[in-house]
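Atom set for the values below is all heavy atoms of this structure, side chains included, hydrogens, waters and symmetry mates excluded.
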2 protein chains.
Amino acid sequence: MSNTDLRKAGLKVTVPRLKILELLENSAEKHVSAEDIYKALMGSGDEVGLATVYRVLTQFEAAGLVNRHNFEGGQSVFELADDKHHDHIVCVKCNKVEEFVDDVIEQRQDAIAEKMGFEITDHALNIFGICKDCRKA
Amino acid sequence: MSNTDLRKAGLKVTVPRLKILELLENSAEKHVSAEDIYKALMGSGDEVGLATVYRVLTQFEAAGLVNRHNFEGGQSVFELADDKHHDHIVCVKCNKVEEFVDDVIEQRQDAIAEKMGFEITDHALNIFGICKDCRKA
DNA sequence: CTTAATGCAAACCGTTTGCATAGAT
DNA sequence: ATCTATGCAAACGGTTTGCATTAAG
């Protein structure tokens with residue numbers, strides 16, 4: 001139950017936070033924008049302001065509950081923090097996002113960073129392309 | 001000479017465009033933001049408006065003279081289009097950008113895209129870390 | 001009761017755009 | 001002379017923030 005996750009993060013358990021967590025857990029598309037969340041919550045009795053959505057997502061990110069991605073210029077996309085790291089492949093037509101992991105690539109990255117004298121803090125590999133569905137159309 | 005590059009791109013040869021091209025060619029740091037360019041041009045007799053810098057960079061990008069990157073949320077970064085593709089490793093402290101290429105990673109990416117049914121259009125691998133210099137401090 | 005969270009509207013920041021003027025061909 | 005490029009200031013879109021109000025502990 002997410003209730004404890006929130007407490008652990010030092011955050012009070014409030015309706016907006018619970019709703020957003022729940023939405024992140026249950027949404028069909030794992031990768032959602034702040035506005036997606038805002039709209040999804042719109043009709044739901046207790047509405048949540050867009051500013052609050054952003055604040056909550058930022059706090060969740062700080063708490064490690066959520067990861068934020070900036071795939072292209074536009075808006076940020078959030079996903080529930082996974083146990084394990086993964087990279088993304090994004091359809092440039094329909095914006096669908098899928099995930100993948102490749103151990104060889106991971107290792108090469110570490111090797112490159114080390115060779116170049118960097119202490120690696122993070123990395124993002126994004127492949128852009130046209131997905132199977134969109135290629136048919 | 002860049003004069004012909006501009007003509008080839010169907011762009012009139014103007015002072016702002018030449019200055020920006022020149023700056024991209026000669027700047028110590030290959031990866032610069034629009035504002036970097038704007039500021040660098042500030043004191044230079046013929047000043048160039050920030051809007052023009054953006055317009056010119058956008059045109060250069062369309063013409064394939066320049067590549068634009070969105071490393072993190074902030075502002076875009078531009079570099080003269082290289083003959084050959086490369087990826088980036090960015091220092092999160094000083095924002096220095098270095099380049100690298102790794103054939104193994106390139107191949108794996110193609111394989112992954114194919115396996116997932118994507119027709120790859122582009123990809124961006126960005127490693128973030130702390131560079132040698134910044135680690136000393 | 002105390003302290004943190006929310007909603008709203010206003011501020012922000014990088015980027016884009018409309019429009020009248022200046023410049024290239 | 002024509003048609004594109006520039007500069008300025010205003011608009012934009014996503015995100016953040018100040019402040020008074022409301023709710024959690």
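Atom pair Leu57(A):CG and dT15(D):C1' shows a separation of 11 Å (rounding to whole Å applied). Whole-Å rounding puts the Met42(B) CE to dG7(D) P distance at 12 Å. Atom CG of Leu50(A) is separated from atom C1' of dA10(C) by 14 Å (rounded to the nearest Å). Whole-Å rounding puts the His69(B) NE2 to dG14(C) P distance at 19 Å. Look at NZ on Lys19(B): it is 19 Å from P on dA5(D), rounded to the nearest Å. Atom-to-atom, OH of Tyr54(B) to P of dG14(C) comes out at 7 Å; the value is rounded to the nearest Å. Remark: P of dT6(D) and CG of Leu6(B) are 10 Å apart, rounded to the nearest angstrom. To the nearest angstrom, C1' of dG14(D) lies 17 Å from CZ of Phe71(A).
Nearest nucleotide to the side chain of Arg17(B), out of dG7(C), dT6(D), dT16(D): dT6(D). Of all nucleotides listed (dG7(D), dT15(C), dT16(D)), dT15(C) comes nearest to the side chain of Arg68(B). The side chain of Ala34(A) lies closest to dT15(D) when the candidates are dT6(C), dT6(D), dT15(D). Checked against dT6(C), dA9(D), dG14(D), the side chain of Glu35(A) finds its nearest nucleotide in dG14(D). Comparing atom distances between the Gln75(A) side chain and each of dG14(D), dT6(C), dC8(D) picks out dG14(D) as nearest. Comparing atom distances between the Ala51(A) side chain and each of dA9(C), dG7(D), dT6(C) picks out dA9(C) as nearest.
Between Lys115(B) and Asp102(A) no salt bridge is recorded (no basic side-chain N to carboxylate O distance below 4.0 Å).
When hydrophobic clusters are built by joining Ile, Leu, Val, Met, Phe, Trp and Tyr residues whose side-chain heavy atoms come closer than 4.5 Å, directly or via intermediates, Val56(A) is grouped together with Leu50(A). Hydrophobic clustering of Ile, Leu, Val, Met, Phe, Trp and Tyr side chains at less than 4.5 Å, counting indirect connections, keeps Phe100(B) apart from Ile130(B). When the side chains of ILVMFWY residues are joined at heavy-atom separations under 4.5 Å, either directly or via intervening members, Met116(A) and Ile105(A) end up in a single hydrophobic cluster.
Surrounding CD of Glu29(A) are more than 12 heavy atoms belonging to other residues, nucleotides or ligands, all under 6.0 Å away.
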Distances under 3.5 Å between nitrogen or oxygen atoms of protein and nucleotides 19-25 of chain D:
residue: dG25(D); atom: OP1; partner: Val13(A); partner atom: N; Å: 3.4

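Of the inter-residue distances, the one linking Arg135(A) atom CZ with Cys91(A) atom SG reads 10.0 Å to the nearest 0.5 angstrom. Considering CD of Gln109(A) and CG of Asp87(A), their distance stands at 6.5 Å, rounded to 0.5 Å. Here Thr52(A) contributes atom OG1 and Lys19(A) contributes atom NZ; the two are 13.0 Å apart, rounded to the nearest 0.5 Å.
Inter-axis angle, ends of the helix from dC12(C)-dG14(D) to dT25(C)-dA1(D), five pairs per end, rounded to 10 degrees: 30°.
Nearest heavy-atom pair, Phe71(A) versus Phe128(A), reported as atom, atom and distance to 0.1 Å: O-CZ, 3.5 Å.
Qualifying salt bridge (charged side-chain N to carboxylate O under 4.0 Å, His left out) partners for Arg68(B), counting only residues two or more places apart in sequence or in other chains: Glu61(B).
For Ser76(B), a side-chain nitrogen or oxygen approaches OP1 or OP2 of dT15(C) to under 4.0 Å.
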